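Some notes on the structure that comes next.
Lettering follows sequence order; numbering is per chain, from 1. All figures in this text were calculated on a predicted structure; none of them were measured in a lab.
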Number of protein chains: 2
Amino acid sequence: MRKLPAKLASQLYGAAELIAERGLDGTKIDDIAEATGIPKATIYYHLDGKNGVLAFLLGDLLDLIAGEVGVAVSTVEDARTRLEAAVAAQLSVMVEHPFLCRALAGDLGRATRLPDLAEALRSAFYQPIEKLLADGVADGSLRQVADPGAVAMSVFGAITVAGLSAAVEGSSTGPSADAARFSAAICELILDGLATPRTRDDHESGERP
Amino acid sequence: MRKLPAKLASQLYGAAELIAERGLDGTKIDDIAEATGIPKATIYYHLDGKNGVLAFLLGDLLDLIAGEVGVAVSTVEDARTRLEAAVAAQLSVMVEHPFLCRALAGDLGRATRLPDLAEALRSAFYQPIEKLLADGVADGSLRQVADPGAVAMSVFGAITVAGLSAAVEGSSTGPSADAARFSAAICELILDGLATPRTRDDHESGERP
DNA sequence: TCCTATGTTGTACTGCCAGTACAACATTTC
DNA sequence: GAAATGTTGTACTGGCAGTACAACATAGGA
């Protein structure tokens, strides 16, 4: 079942847009068969029904993300720099696969109920972040926080939701520009924060010209 | 259809756990009928099928969140302080309604495909944040960032994902402690960031005793 | 009190669609 | 060229959402 011939695999991607648009429930197997050109009987021969299709598509996406992020994380730089690279890598893959991302977001519930996918999700998205934050504290490039688990979860959320929104909306400037823009915004947020550098309490507003 | 009698409304909440656990697809109308004690025919008399049930439950949750956050945001404090209050409010509601949150997360796709809910989602979660960030720049309590839209989306993601994870996991210390913990972690992250306060580039690690 | 509007519920039915069964045919491999 | 493996059309089954409807309940207004 993990031996899906390359040709079928590539055809299957034709179903991503459909699923992204209507959700898996709104998509009939016959629709998938028609959109991909793979006969229904063949789909069932190789995959475990609709869930199988979803699992295959999302599994691929998650592997891709985990791979790219893995590369970005494996340099000799300090953790803070690697964190920036990881953010950029994750966003770049997401922006390049908008349909898969939308399918993932839309059928998140189903995805997390498929054991393989739940694990893949975790290792693609959450774990690298968690590790980088810990590394950063160790090498001094990131601050020690009171609740590392909660912070890692928030960082994960910031990146992932921004990525999904970027993937969903698309833009005029093309995918790589989008990825760069969001990536910069996220790093600005999670590294430097939003508080004004000045006083940390009580300030009468000063209008700017 | 928005006139659901109070008694039925309260019974309907009995379906939240079911839906959270199995997803809406995995939940049969007859299961809902049995779990809530409302006969199937009555459900169909008042609501528009399964989607109607989901819409009712989540609509309620979102109204609640929007309400609490609205209160937190309407004080005379500066935007930074109100942002902290909004984070706390949102998390507190989420943590107190774990089943509804799980249902929301699991059936996000369906939810966003229901027009009323999509709008409610936006106004409960995203919009208050967006406004606060703008206010903060205006009153000087928050930093001006290069891409406010992208940053607002990331902040939204940080809060929401953390809230979902808090709601899903639960804990031994009770809901209000959870909310406070996550709330502190998120504010620490989005206000002060994770970069070490020291040098902003190039640092040979310095071990701490 | 009776009459009407509105709500409540059981029962029976319809239609759609995921998934299965299987036989016929194709391709590969040795 | 025979056996194994893969491919596909066709026809069927079962489960469940949603509907139809009649019987019954309740409330309120005259």
Exercise for the section: Apply salt bridge (Lys or Arg N to Asp or Glu O under 4.0 Å) to B:E17 and B:R102, showing your working. Expected result: CA-CA 9 Å; B:E17 181 165 2; B:R102 288 174 61 186; over 6 Å; no

[X] [atom1] to [N] [atom2], straight-line distance once rounded to whole Å:
X	N	atom1	atom2	result
A:E34	C:dA18	CD	P	13 Å
A:D25	C:dA18	CG	P	10 Å
A:N51	C:dA18	CG	P	12 Å
A:K7	C:dA26	NZ	C1'	13 Å
A:L47	C:dG19	CG	P	11 Å

Nearest heavy-atom neighbours spanning [X] and [Y]:
X	Y	answer
B:A35	B:L18	CB-CD2, 3.9 Å
A:V137	A:R143	CG2-O, 3.5 Å
B:T196	A:G140	CG2-O, 2.9 Å

Handout entry: 5' priority, DNA chain C, between A:D30 and A:A41 [closest heavy atom]
Key = A:D30

Practice task
Give one of base, sugar-phosphate or nothing for A:K50, where a contact means two heavy atoms less than 4.0 Å apart.
Solution key: sugar-phosphate

Exercise for the section: Evaluate whether atom CD of B:E34 has more than 12 neighbouring non-hydrogen atoms of other residues, nucleotides or ligands under 6.0 angstrom away. Expected result: no

Handout entry: Residue from A:R22, A:K50, A:K40 passing salt bridge (charged side-chain N to carboxylate O under 4.0 Å, His left out) with A:D31
Key = A:R22

Fill in the blank from the handout: chain A reaches DNA chain D, atoms under 4.0 Å from its heavy atoms, from D:dG6 to D:dG9

